[in-house]
Amino acid sequence: LMSSGIWQRGGEDEGVDGFLITDIRKEVNRAAKLKCNICKKKGASIGCVAPKCKRSYHFPCGLRKECIFQFMENFRSYCWEHKPVQILPDKESRGPSQCTICLDLVEHLPLYSVLKSPCCKNAWFHRECLQYQALSAGIFFFRCTVCNNKDKFQEEMLRMGIHIPEKDASWELEENAYQDLLQCYQHCDIRRCLCKKGRDYNEPDSKWEIKRCQSCGSRGTHLACSSMKSWEQNWECVECRSIFAKPGKYSKQKKRSLATSEKTDGTTCLLEEPSPKYPRQSPGSQHSFLQSPKIICQNNLSPCSRLELPPSNRMTMSLSPLMSNSNWSLRKKQLRTQRREVSSILKELKQQISTKTTRLNINTENIWNTALKGFRQRNFRPTNTIEVKFTNYKNRLKTDTSTESKNLFFQLLMGHLQNSSLFEGSSAKNLSLDLQALKENLYFEAGKMIAVSLVHGGPSPGFFSKILFNCLVYGPENVKPNLDDVADTDVAQTIKKIKYSSSLSSLQSTIHECYDFLAAAGCLRPITDLCDKDMLVNDLLTYHVIKRIISPLESFRQGLKTLGVLEKMEMHPVAFSSIFCHKPERLSAETLCDLFTIHCSSGVKEVGGADFWMGYLQDVESGESVVTLEDILYFVTGSFSIPPIGFDPEPTIKFLYVGYPIGNRLLNCLELPITKTYESFKNKMELTIRNTLRVERE
């Protein structure tokens with residue numbers, strides 16, 4: 001097609017697609033005398049069509065040298081010097097943007113590998129992405145992905161060497177390609193499905209009939225799981241309710257939404273909101289005593305009323321002074337509420353995770369490079385279940401998809417990111433400007449890693465500054481920085497010197513001293529009045545805190561879009577700030593008591609197992625134990641803190657006739673021994689947890 005000395009002189013059914021055999025032989029003989037200007041070998045049948053250009057080359061050599069081959073009309077070819085280029089306006093933004101096909105960043109530069117849409121001002125593509133799309137879509141469906149323009153877009157892409165085959169789209173040729181659209185969603189998404197036959201069981205005209213969300217249709221519930229009647233149609237899922245509800249007022253739910261409803265026999269259903277572990281309190285109620293944990297009887301798996309403690313035991317269950325309600329600040333209560341909201345949002349996002357696994361081989365001594373290699377491997381998908389294998393632990397041969405291996409990996413990774421060159425500042429960090437990291441797209445990878453960690457059950461970052469978080473969720477143009485947001489102490493001191501100038505002469509003198517500093521920030525200007533310093537200070541702050549890192553910020557935002565995390569952050573900024581800008585809450589006896597659900601036999605109440613468990617938590621919190629609350633949590637779950645998404649499965653406690661406590665990290669289940677005295681219970685707990693953690697550390 002591209003050879004310069006051959007033409008289609010026959011019909012479509014003659015020779016090779018209209019090229020006669022005699023003509024092909026003549027062209028072979030002609031090309032045998034021509035030397036390729038790229039590889040210096042003979043057989044170069046393609047020549048540049050530019051006037052007076054004598055270059056010849058092979059087709060593969062031309063591709064490597066970034067020549068342009070036009071698959072239209074006379075199939076012209078242009079060498080690397082005479083190839084057509086796209087004209088970019090002088091006012092065109094030179095910063096990176098997102099390729100609307102692969103969603104990776106693309107630089108606004110006149111490069112062979114980059115193409116600009118002729119019909120949309122801010123649409124940029126990778127050449128490779130466009131070629132793949134053209135081969136898949138064909139001439140009938142290949143068009144601009146932004147504005148859907150076809151004619152103008154195809155004309156420009158053909159001019160720039162994109163091959164658009166004359167065929168139907170690949171998805172139109174696939175048999176039964178749209179078969180999935182004919183299926184209805186049949187799955188119960190309630191937090192605790194009550195159907196013994198499973199979440200996918202659907203029996204019409206019964207209490208096990210599945211109702212779909214009336215707004216999105218992509219979530220469902222059994223009638224019994226939401227205490228609905230068969231004639232009720234107005235059920236909505238959590239995500240749709242959060243969209244329709246007013247900001248900050250998620251308690252305003254529609255009729256028959258996922259909230260606790262009372263059955264006719266007075267027992268409370270195990271529904272999704274609010275969690276039975278966080279019961280509603282009347283405005284005047286006071287937490288003078290540690291709440292008894294929720295107990296579920298094993299004989300019928302129905303939730304019993306909270307355990308009533310005898311008065312003698314209640315006196316020993318009072319909270320320590322540090323945990324008494326009178327000393328709790330309003331801010332801590334708000335953070336708890338916000339973190340519960342984040343947990344439910346992340347659980348919604350986790351439904352994207354499939355059972356297909358991706359293994360990451362991690363070296364803890366080189367956590368960043370091995371993690372980066374794993375995230376960039378070809379078969380890595382954020383929606384796959386992640387398995388972690390530590391290559392530098394010889395005694396750790398098995399992978400663990402749900403406990404300590406993955407938890408430790410994400411914990412080490414978040415710790416490395418906090419102290420890496422990608423961020424600057426002391427405790428509350430902002431993004432730094434690392435040109436090498438920007439060139440290697442590391443800001444994107446860091447954002448992607450944080451998003452994956454949150455949805456896969458890893459820890460929260462907890463080190464973001466307010467200014468960084470606000471730039472991410474509200475946009476940098478809507479954020480106003482102050483002096484506290486400047487990480488560089490020298491820069492902060494210079495700006496302070498300008499801000500606190502007391503006279504016009506001192507201000508002008510300071511500006512003269514800081515000439516290079518102001519010039520670098522683009523803030524040089526004549527100062528004729530003392531009040532001019534306010535605008536100057538604001539411009540300097542905006543440059544050093546925001547404008548200077550605008551490229552890393554945009555790249556980081558693109559990474560956070562992984563699995564839909566950034567979108568949820570923008571929808572619920574107040575809630576997500578509790579995990580991005582604040583460290584995880586220190587564990588307390590009350591927190592662990594709320595975290596675990598007790599499954600017991602009917603005889604445990606008389607034995608006093610639940611009483612012993614709560615009493616032991618109080619002893620640990622008050623320092624009357626050799627173990628800590630973090631040790632207890634790690635013994636059961638393999639994690640020293642509660643991840644933002646919570647645990648899956650939810651932590652449970654079983655009282656059994658066993659010799660010593662057993663922590664089942666696969667099920668997050670703590671099996672506790674039934675003892676006659678509290679002293680015996682405490683001794684068994686101390687001995688087992690202390691020795692287990694000691695052996696693991698060794």
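These figures come from a predicted structure and were not determined experimentally.
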query = Taking all non-hydrogen atoms of both residues, which atom of Val565 and which atom of Val455 are closest, and how far apart?
reply = CG2-CG2, 3.7 Å

request  = Report, as yes or no, whether the 6.0 Å neighbourhood of atom NZ on Lys480 holds more than 12 heavy atoms from other residues, nucleotides or ligands.
outcome  = no

ask   = Does His572 use its side chain to pair, donor to acceptor, with the backbone of Ile345 at less than 3.5 Å?
value = no

ask   = When you check the side-chain N and O atoms of Thr628 and Asp631, is any donor under 3.5 Å from an acceptor?
value = yes

remark   = Residues at least two apart in sequence or cross-chain that pass ring-ring contact (aromatic ring centres under 6.0 Å, His included) with Phe580, listed by chain then number, are Phe464, Phe469

ask   = Quick one: does Asn419's side chain have a donor or acceptor within less than 3.5 Å of a partner on Gly415's backbone?
value = yes

key: Electrostatic pair Lys568:Glu348 at N-O distance under 4.0 angstrom   = no

message = Please report the interatomic distance SG(Cys99) to CD(Gln558), rounded to the nearest 0.5 Å.
response = 11.0 Å

message = Working note: Leu360 + Phe409, criterion side-chain contact (heavy atoms from CB on, under 4.5 Å); need CA distance, chi angles, decisive distance, verdict.
response = CA-CA 10 Å; Leu360 301 181; Phe409 163 62; 3.9 Å; yes

task = Look at Arg192 together with Glu650 and state whether they make a salt bridge at an N to O cut-off of under 4.0 Å.
result = yes

ask   = Say you draw a straight line from NE2 of His456 to CD1 of Ile353; how long is it, rounded to the nearest 0.5 Å?
value = 3.5 Å

query = Should Val388 and Phe410 count as side-chain neighbours, where that means a heavy-atom distance under 4.5 Å?
reply = no

query = From Leu587 CG over to Phe640 CZ, what is the distance, rounded to the nearest 0.5 angstrom?
reply = 11.0 Å

request  = Could you tell me which non-hydrogen atom of Ser578 sits nearest to which non-hydrogen atom of Arg339, and how far apart they are?
outcome  = O-NH2, 3.1 Å

query = Do His222 and Lys207 have side chains that get closer than 4.5 Å, going by heavy atoms?
reply = no

note = d(Asn407 CG, Arg665 CZ) to nearest 0.5 Å is 9.5 Å

inquiry  = Just by distance, no angles: are the side chains of Thr221 and Ser226 close enough, under 3.5 Å, to form a donor-acceptor pair?
reply    = yes

request  = Indicate yes or no for a side-chain donor-acceptor contact from Arg199 to the backbone of Ile190 under 3.5 Å, with no hydrogens or angles considered.
outcome  = yes

task = Taking all heavy atoms of Asp189 and all of His187, pick out the closest pair and write down the distance.
result = OD1-CD2, 3.1 Å

ask   = Between Asp648 and Lys350, is the closest basic N to carboxylate O distance under 4.0 Å?
value = yes

ask   = Would you say the side-chain atoms of Asp434 pair up with the backbone N or O of Leu422, donor to acceptor, closer than 3.5 Å?
value = no

request  = Could you tell me whether a side-chain N or O of Thr562 sits under 3.5 Å from a main-chain N or O of Ala451, the two making a donor and an acceptor?
outcome  = no

request  = Go through Asp104 and His126 one step at a time and tell me if the side-chain contact (heavy atoms from CB on, under 4.5 Å) criterion holds.
outcome  = CA-CA 9 Å; Asp104 282 344; His126 297 109; 4.2 Å; yes

inquiry  = In the structure I gave you, are the side-chain heavy atoms of Leu595 and Leu633 within less than 4.5 Å of one another anywhere?
reply    = yes

inquiry  = Checking Thr145 against Thr100: is there a side-chain donor and acceptor pair closer than 3.5 Å?
reply    = yes

request  = May I ask you to decide if Ser641's main-chain N or O and Glu630's side chain share a donor-acceptor pair within less than 3.5 Å?
outcome  = no

request  = Report yes if some heavy atom in the side chain of Leu130 is under 4.5 Å from a heavy atom in the side chain of Ile101; otherwise report no.
outcome  = yes

ask   = What distance do Thr652 atom OG1 and Asn664 atom CG have between them, rounded to the nearest 0.5 Å?
value = 8.5 Å

request  = Using a strict cut-off of less than 4.0 Å between a Lys/Arg side-chain nitrogen and an Asp/Glu carboxylate oxygen, indicate whether Glu424 and Arg548 qualify as a salt bridge.
outcome  = yes

task = Could you check Thr370 against Asn361 for side-chain contact (heavy atoms from CB on, under 4.5 Å), going step by step and ending with a plain yes or no?
result = CA-CA 7 Å; Thr370 52; Asn361 295 317; over 6 Å; no

task = List for me each residue that meets salt bridge (charged side-chain N to carboxylate O under 4.0 Å, His left out) alongside Glu671, sequence neighbours excluded, and say none if there are none.
result = none

message = Suppose we call two aromatic rings close when their centres sit under 6.0 Å apart. Are Phe423 and Phe463 close by that rule?
response = yes

query = Do we see a donor-acceptor contact under 3.5 Å between the side chains of Tyr201 and Glu203?
reply = yes

message = If you count heavy atoms of other groups shown closer than 6.0 angstrom to NZ of Lys547, is the number above 12?
response = no

ask   = When rounded to the nearest 0.5 angstrom, what is the spacing between CG in Asn470 and CD1 in Ile546?
value = 9.5 Å

ask   = Side chains of Ser215 and Glu236: do they bring a donor and an acceptor to under 3.5 Å?
value = yes

Met449 side chain reached by Val452 side chain, heavy atoms, under 4.5 Å = no

message = Looking at Thr637 and Asn668, would you say the former's side chain and the latter's main chain have a donor-acceptor pair under 3.5 Å?
response = no

inquiry  = So does Tyr132 get a backbone contact from the side chain of Ser136, meaning a donor-acceptor N/O pair under 3.5 Å?
reply    = no

request  = Any chance you could lay out the side-chain contact (heavy atoms from CB on, under 4.5 Å) test for Arg219 and Cys240, step after step, and finish with the verdict?
outcome  = CA-CA 10 Å; Arg219 294 288 183 270; Cys240 290; over 6 Å; no

task = Determine whether Trp368 and Leu442 make a side-chain contact, defined as any pair of heavy atoms from C-beta on separated by less than 4.5 Å.
result = yes

inquiry  = Tell me the closest heavy-atom pair linking Pro476 and Ile550, and the distance in Å.
reply    = CG-CD1, 3.6 Å

message = I'd like to know whether NZ of Lys561 has more than 12 heavy-atom contacts from other residues, nucleotides or ligands below 6.0 angstrom.
response = yes

request  = Provide the closest heavy-atom pair for Tyr443 versus Ser432 in the form atom of the first, atom of the second, distance.
outcome  = OH-O, 2.8 Å

Contacts of Lys448 that satisfy salt bridge (charged side-chain N to carboxylate O under 4.0 Å, His left out) - sequence neighbours left out = none

Residue pair Gln186 / Cys184, side-chain heavy-atom distance below 4.5 Å = yes

note = Minimal heavy-atom distance between Val473 and Glu570, with the atoms involved, is O-CG, 3.7 Å

query = Is there a donor in the side chain of Thr357 and an acceptor in the side chain of Asn384, or the other way round, less than 3.5 Å apart?
reply = no

inquiry  = Tell me if the CD atom of Gln377 is crowded by more than 12 foreign heavy atoms within 6.0 Å.
reply    = yes

ask   = Does some side-chain heavy atom of Leu105 sit less than 4.5 Å from a side-chain heavy atom of Ser97?
value = no

ask   = Between Ser343 (side chain) and Ile645 (backbone), is there a donor-acceptor pair under 3.5 Å?
value = yes

key: Backbone N/O of Ala437 and side chain of Glu440: donor-acceptor pair under 3.5 Å   = no

